[in-house]
Peer 1: 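The structure follows.
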Number of protein chains: 2
Amino acid sequence: MGSVSNIVNLRALRQSCADCALNQLCLPASIGGNDLDRLDHVVKQRPALERGDILFHEGLKQPALYIVRAGSLKTYVTLPEGDVQILGFHIAGELVGLDGLSEEGHRCTAEVLERTTVCEVPFESLSEVAAKVPGLQQQLFRIMSREFSRELEHPVMMGRKQAMSRLAIFLRSLSARLGGIGHDPLEITLSMSRQELANYLGLVIETVSRLFSRMQTLGVLRVDRRTLRILDPAALAMLAEKADDESG
Amino acid sequence: MGSVSNIVNLRALRQSCADCALNQLCLPASIGGNDLDRLDHVVKQRPALERGDILFHEGLKQPALYIVRAGSLKTYVTLPEGDVQILGFHIAGELVGLDGLSEEGHRCTAEVLERTTVCEVPFESLSEVAAKVPGLQQQLFRIMSREFSRELEHPVMMGRKQAMSRLAIFLRSLSARLGGIGHDPLEITLSMSRQELANYLGLVIETVSRLFSRMQTLGVLRVDRRTLRILDPAALAMLAEKADDESG
DNA sequence: CGCTGCGTTGAAATACATCAAAGAGTGTGG
DNA sequence: CCACACTCTTTGATGTATTTCAACGCAGCG
């Protein structure tokens, strides 16, 4: 996630949504000139955040929508016993905070994984603008639905009983998403620790570590700390569907 | 889910949202008289569906929102290998179909589990009305967010490594939701098979069966086929947090 | 009565968790 | 620059919960 982030950052310096590289992925897509200006005034660009910084906390009443411009973050809920469940990782172009529109405010916490810049859109302002700009309302619904659909990936992955399948599904998804924002889909630099990844996958850290090793042995992946190279996408796809492979 | 469904059905016979028992849970909440009439014209009430009937299929382009008036249904995605992952069960008062607002249409399939009545709101009409009625737009966002938050429950449950915790979490959630629509929260009549429940929990059917037996042995539950009686809510809560209980 | 679909229970296999220790990368201070 | 501490990760040995395989029970129904 790091190699081209400086390029994205250059664009991020510009203030206008119209100039943003993520324009087509983001709220402003398919919104005309004047309306876009209205939106621009609502969107606040926040200074770059560092690893560990909190974007919003569970329970925060003044909810806002965030668009990741560069970097990445995780969302999680804190369970009564104290430990957490990571719900998702979000890279550039992705939305975070849709859980916060209800009366109860945000229901999960968003924490930055690396140096990250985001655009912040307070909900109150957003819905005001949406009321005036019919296209934006439509677009908002579409985007919410898209994120809703993305959320479905998590339970689908967790539904797999084989740990290998879970990791393979995750890697394929991440690869595709990185490809979607112009990265090499075969070169993945993880921004999360093994611990965070294990938590997301519903596994323990040792299992994840072993899975990476096994994938490397199988020739599917080249693993160097947090840098991964997908050597055999077809094999990875096989693992995603069925951990039990016939290659021996 | 069956015992009071006839009462709900009585109300369901009335056509108007204003008279609906689910009013407060549903779209019309906090919308005034005239606006409510406008909404009424958009909401189609469908004839009762039977077990196995499909509300909408993955890929269906003319998306609609559905509100369950009585009965229950499941949503699932079909995986490339052919088997399915159940994403959720939905009882009276709950919304289904929020995944379908994007360009790709519905991303999951909704199938009825028992005799069920629903209100159908084609998304196109809905967003037209929402553009005219500011309160409705707000309400829509809130409802979408609420459903979004509800979706978070699934991965949190799946994140638990102990099967007993998963089932306990599910039962507590279902109990609370049944309580919310006026049922006895301690008396649960499951509308899904063991197979469907196992799939949802990410387990195999035998494990679920054994868990029910064990819960009964522990005195937490009384199990009679699909009818459950929660005998010890506190113990159930314990199991939800930590399967490993000190009671022996 | 015997079929069929669902659910339960038992015995065995196995994949993952747990426990334990060592390796590799990073930072700090001498 | 090296020694040290610290965190993150990897790897090994062992334990165990869940899956798998298999058989039986039970209700509904022709």
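What you see is a predicted model, and the numbers here were worked out from it, not measured in a lab.
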Peer 1: Contact class for A/Arg166 vs. all strands (heavy atom < 4.0 Å): base, sugar-phosphate, or nothing?
Peer 2: nothing

Peer 1: What's the CZ-P distance between B/Arg194 and D/dC26, to the nearest Å?
Peer 2: 15 Å

Peer 1: Under the side-chain contact (heavy atoms from CB on, under 4.5 Å) rule, what do B/Lys74 and B/Glu196 come out as? Steps first, then yes or no, please.
Peer 2: CA-CA 9 Å; B/Lys74 63 174 174 181; B/Glu196 289 166 325; 2.8 Å; yes

Peer 1: In whole angstrom, what separates A/Asp83's CG from C/dA17's C1'?
Peer 2: 15 Å

Peer 1: How are the rings of B/Tyr200 and B/His154 set to each other: parallel, tilted or perpendicular (split at 30° and 60°)?
Peer 2: parallel

Peer 1: Measure CE/A/Met215 against C1'/D/dT10 and give the value in whole Å, please.
Peer 2: 16 Å

Peer 1: What orientation do B/His106 and B/Phe56 show, parallel under 30°, tilted 30 to 60°, or perpendicular over 60°?
Peer 2: parallel

Peer 1: Could you state the atom-to-atom distance from CZ of B/Arg226 to C1' of D/dC26 in whole Å?
Peer 2: 14 Å

Peer 1: Taking atom C1' of C/dT8 as reference, at what distance in whole Å does atom CD of B/Gln195 sit?
Peer 2: 14 Å

Peer 1: Round to a whole Å and report the spacing from CZ of B/Phe212 to C1' of D/dG25.
Peer 2: 18 Å

Peer 1: Check the distance between D/dT19's P and A/Arg160's CZ and give it to me in whole angstrom.
Peer 2: 13 Å

Peer 1: Nearest-Å distance, CG (B/Leu113) to P (C/dC6)?
Peer 2: 13 Å

Peer 1: Starting at CG of A/Leu113, measure out to CG of A/Asp53 and round the result to the nearest 0.5 Å.
Peer 2: 11.0 Å

Peer 1: Does any part of the side chain of B/Leu60, heavy atoms only, come nearer than 4.5 Å to the side chain of B/Thr109, both counted from C-beta?
Peer 2: no

Peer 1: Which pairs, protein N/O on one side and nucleotides 9-16 of chain C N/O on the other, fall under 3.5 Å?
Peer 2:
| residue | atom | partner | partner atom | Å |
| --- | --- | --- | --- | --- |
| C/dT9 | OP2 | B/Ser213 | OG | 2.3 |
| C/dG10 | N7 | B/Arg210 | NH1 | 2.9 |
| C/dG10 | O6 | B/Arg210 | NH2 | 3.2 |
| C/dC16 | OP1 | A/Ala163 | N | 2.4 |

Peer 1: Within a strict 4.5 Å, meaning less than it, do heavy atoms of the B/Met215 and B/Leu167 side chains meet?
Peer 2: yes

